[in-house]
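As the structure is a prediction and not an experimental result, all values here were calculated from the model.
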Amino acid sequence: MRKAVLAVALLAWLPISGGAASTSVKSDIHRCIGEDDLKIFTDRACSALGARDRAEEPVRPAVLNLPLPHYDCSRKIDIFHDQVSAALDSGDVNKLSGLYHWMEDTPNSADILMDELQVISSRRLAGIEVESIELDGEEHPTRLWLDQYVPERPGHTIRTNFNLVMNGGCWWLHR
């Protein structure tokens with residue numbers, strides 16, 4: 001009985017398939033967008049379904065290599081110095097703001113500070129210096145001084161300072 005059902009199903013399929021069973025698969029797959037932006041995959045033209053063509057999706061690699069997140073903070077002042085320098089060299093306000101200690105800032109003061117950091121990060125760095133004080137025979141960094149070129153006055157520099165704050169074992173900039 002099972003073979004008979006299979007034979008009937010096969011015979012019913014033959015007229016649809018063009019008269020003969022084929023081992024090849026049609027490779028033309030149309031990617032369409034239907035009503036309500038619904039994705040449709042079909043072997044027919046999109047217009048036959050009342051849908052529109054959509055662009056090919058990029059081929060995804062078999063292995064996705066994501067960048068590693070950066071969770072480490074600067075526990076040594078010389079590494080922090082290099083991070084501030086790199087942030088300023090890149091001109092990226094987001095990198096610079098990532099080195100700032102935001103714990104005591106209000107939303108209003110944070111907006112004002114971000115504007116200041118944007119200006120600071122837009123200037124080319126001429127020099128960077130860490131100021132320290134000596135306590136109990138040890139050096140304790142307290143300030144970071146930035147010397148930057150003033151774009152409106154070629155050859156002139158402006159000096160900006162930040163307090164250095166140690167919090168959670170990490171160095172941070174603060175105003």
Of all heavy-atom pairs between [X] and [Y], which one has the smallest distance, and what is that distance?
{"X": "Cys170", "Y": "Arg75", "value": "SG-NH1, 4.2 Å"}
{"X": "Leu125", "Y": "Ser85", "value": "CD2-OG, 3.7 Å"}
{"X": "Asn167", "Y": "Trp172", "value": "O-NE1, 3.2 Å"}
{"X": "Ser90", "Y": "Lys95", "value": "OG-CD, 3.7 Å"}
{"X": "Leu164", "Y": "Phe80", "value": "CD2-CE2, 3.6 Å"}

For [Y], is there any backbone N or O sitting under 3.5 Å from a side-chain donor or acceptor partner on [X]?
{"X": "Asp92", "Y": "Asn94", "value": "yes"}
{"X": "Thr160", "Y": "Leu146", "value": "no"}
{"X": "Gln148", "Y": "Ile120", "value": "yes"}
{"X": "Trp102", "Y": "Ser97", "value": "yes"}
{"X": "Ser109", "Y": "Asp105", "value": "no"}

Check your understanding: Could Asp37 and Arg52 be called an ion pair, given the rule that one side-chain N must be under 4.0 Å from one carboxylate O?
Key -> yes
State, yes or no, whether a side-chain contact exists between [X] and [Y] at a heavy-atom distance under 4.5 Å.
{"X": "Asp111", "Y": "Met114", "answer": "no"}
{"X": "Thr157", "Y": "Val150", "answer": "no"}
{"X": "Leu144", "Y": "Val130", "answer": "yes"}
{"X": "Glu131", "Y": "Pro141", "answer": "no"}

Practice item. Report yes or no: do Val84 and Val165 belong to one cluster of Ile/Leu/Val/Met/Phe/Trp/Tyr joined by side chain heavy-atom distances under 4.5 Å? Key: no
**Study point:** Joint hydrophobic cluster, Leu96 plus Tyr149, side-chain heavy atoms closer than 4.5 Å
**Key:** no
Please report the interatomic distance [atom1]([X]) to [atom2]([Y]), rounded to the nearest 0.5 Å.
{"X": "Thr106", "Y": "Ile112", "atom1": "OG1", "atom2": "CD1", "result": "7.5 Å"}
{"X": "Leu117", "Y": "Phe162", "atom1": "CG", "atom2": "CZ", "result": "5.5 Å"}
{"X": "Asp89", "Y": "Arg124", "atom1": "CG", "atom2": "CZ", "result": "10.0 Å"}
{"X": "Gln83", "Y": "Leu99", "atom1": "CD", "atom2": "CG", "result": "5.5 Å"}
{"X": "Ser74", "Y": "Asp82", "atom1": "OG", "atom2": "CG", "result": "8.5 Å"}
{"X": "Lys76", "Y": "His81", "atom1": "NZ", "atom2": "NE2", "result": "16.0 Å"}

Check your understanding: Taking the inter-plane angle between the rings of Tyr100 and His174 on a 0 to 90° scale, is it parallel (under 30°), tilted (30 to 60°) or perpendicular (over 60°)?
Key -> parallel
Review point. After noting the C-alpha distance and the side-chain angles of Phe41 and Arg31, does the key distance pass the side-chain contact (heavy atoms from CB on, under 4.5 Å) rule?
Key: CA-CA 5 Å; Phe41 297 90; Arg31 291 162 176 82; 3.6 Å; yes
Practice item. Evaluate the criterion side-chain contact (heavy atoms from CB on, under 4.5 Å) for residue pair Cys46 and Ile40; output intermediate values, then yes/no. Key: CA-CA 8 Å; Cys46 294; Ile40 302 170; over 6 Å; no
Review point. In this structure, are over 12 heavy atoms from other groups packed under 6.0 Å from Glu35 atom CD?
Key: no
**Study point:** Distance-only polar pair, side chains of Asn163 and Arg175, donor-acceptor under 3.5 Å
**Key:** no
